[in-house]
Amino acid sequence: MLWSGWGDPAKAADLPEPVRELLHDLLGVRAPATPAAALSEVRLPPPALPGSALARLTGAVGAEHVRTGDETRIRHTRGKSTPDLLRIRAGDGSDAPDAVVLPGSHEEVLQVLRACAEERVAVVPFGGGTSVVGGLAAARDGFAGVIALDLARLAGLRSLDAESMVAEFGPGTRAPEAERLLAGHGLTLGHFPQSFEYATLGGFAAARSSGQASAGYGRFDDLVAGLTVATPRGTLELGRAPKSAAGPDLRQLVLGSEGAFGVITSLRLRVRRAPAEKVYEGWRFASFAAGSAALRALAQQGPLPAVLRLSDETETMVGLAKPGEIGAGEPGCLVIAGFEGADVRARREAAGAVLAGHGGVALGEEPGRAWAHGRFAAPYLRDSLLAVGATVETLETAGFWSNLPRLYDAVRLTLHAELGSPLVMCHISHVYETGASLYFTVVTAQSGDPVEQWERAKTAVSAAIVAAGGTISHHHGVGRDHRDAYAEEIGPLGVEILRAVKDRLDPAGVLNPGALVP
Ligand SMILES: Cc1cc2nc3c(=O)[nH]c(=O)nc-3n(C[C@H](O)[C@H](O)[C@H](O)COP(=O)(O)OP(=O)(O)OC[C@H]3O[C@@H](n4cnc5c(N)ncnc54)[C@H](O)[C@@H]3O)c2cc1C
């Protein structure tokens, strides 16, 4: 993973000159005044861990698994949101942990947590490091130091109950590795978020991730049958049956808890047969409203494709949705419908009848193939845009069908009011019987202080989402960036409950301070 950007450096691409010219002409994008810092230029706080804490950590996991080198610290600094990238590209390493600790077992995690609670050292669980909500930058104040607890050594397929279709994994297993291990048994999780290449299973659970095929396989939290969690107070074992009436489901307290209540050290996950066939196709609708009505019909009446996404007019036009495939110059909105499994033909025909019945025009498989081919490419494009002086960032929400148009307008209007004339694109890619998520991509010319510029816009848009009745996050989570809006969403009593749980599980407050809990 590139320390200052996304993904495999070999896949990075410079923007072609005509695209740069277009960005300049349309959005006023100009080259940044200062080039991005080199790794050696990143400014780090001096390591602050007391000797006693370092000795206990070394005793718990072994000296070779406690790392304090500059590069390791930089690679565990914050996550991969655009402000995170802008800060590290500017050489700001102020959120770096003092040490990176790699436990090798559940017991070692318990020992580390105990030591950190007694030494008042903050602990940030670290999976793939792809958080986009400030979930990896601990608030240092009042702590003797900060460690990143990298879960990379707790990885792999631990057991498979083929009869129940449940697989047990270590939390540090990266998604491609999980798929590779399951493929050997003809199985899949079916979880393919855009961060698929780097994110981990523990991170998916901790942040309630949702993948591109959520219509077919469900969100990640739907896949979690059981969890083992290490806390400073001991171990939680959760989930002993597929469903239970034994009180409130405590798994739900851990899902989305973003390392603030404990460290997930094991996951029992529902698996599916790997699909025999996959067919993705494109449809064109006259407008976002017409496309939304068609998606709602599929969500409410079926049959639901595994992948179902609708780009608005701007996203379709700009080409994130491959507009060439839907006819140059023709207005409209692109739908991608992806069918996976054994009975692809029948479900494709039945879904096609619903889409056509709502005014959709079939475009064949080519747009679907193009989408599938480029589905993990956008984060690389973000790096190229940042380098030429454009800020590009995403944000998301969800709401009931009846409220989606209001939410859509509120977000767009606010972004335009805050950023002048940005490019704002939107798509729906996670649908439910009762509603859907809206996922926005924003491109704007960088100001002299692009972090402040984005944070101002983000604060305004978060307030607009809350005021328009949406949730502050459908799948990115809360972290530090959404904490205040989350507090408004759940109200004062909800905040008290969160604090009570935190106090009971983590009395010293060392687990990911500043994240999630208002
Ligand atoms: C380019 C890009 C595309 C993305 N696309 C999607 C998408 O399509 N869908 C989606 O849902 N999200 C997406 N995300 C967001 C992100 O990938 C998800 O939130 C993912 O779940 C994070 O997984 P991770 O392993 O990287 O976790 P990290 O970023 O390492 O951690 C996320 C949070 O969980 C905590 N945590 C991590 N592991 C554990 C553990 N074992 N126990 C307790 N706490 C833990 C961390 O402390 C942190 O607060 C995207 C991010 C990027 C940068």
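Note that the structure is a prediction, hence the values are computed from the model and not measured. Throughout, residue positions are numbered sequentially from 1 according to the sequence presented.
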Should [X] and [Y] count as side-chain neighbours, where that means a heavy-atom distance under 4.5 Å?
X      : Y      : value
Trp401 : Leu295 : yes
Glu197 : Pro379 : no
Arg309 : Trp371 : yes
Val478 : Val133 : no

Could you tell me whether the side chain of [X] and the main chain of [Y] form a donor-acceptor pair under 3.5 Å?
X      : Y      : value
Glu277 : Val344 : no
Tyr380 : Asp8   : yes
Thr82  : Val392 : yes

Does a side-chain N-to-carboxylate-O contact under 4.0 Å join Arg483 and Glu258? no
Under-4.0 Å salt bridge between Arg140 and Asp98: yes
In this structure, which one of Glu396, Glu489, His482 forms a side-chain hydrogen bond (donor to acceptor under 3.5 Å, both in side chains) with Thr471? Glu489
Option passing side-chain contact (heavy atoms from CB on, under 4.5 Å) with Pro171 (candidates Val263, Leu201, Thr228, Leu154): Leu154
Interatomic distance, Leu236 atom CG to Thr265 atom OG1 [nearest 0.5 angstrom]: 10.0 Å
Nearest 0.5 angstrom please: Asp481 CG to Leu395 CG, how far? 11.5 Å
Parallel, tilted or perpendicular: ring planes of Tyr439 versus His476, cut at 30 and 60 degrees: perpendicular
Around atom CZ of Arg273, are there more than 12 heavy atoms from other residues, nucleotides or ligands closer than 6.0 Å? no
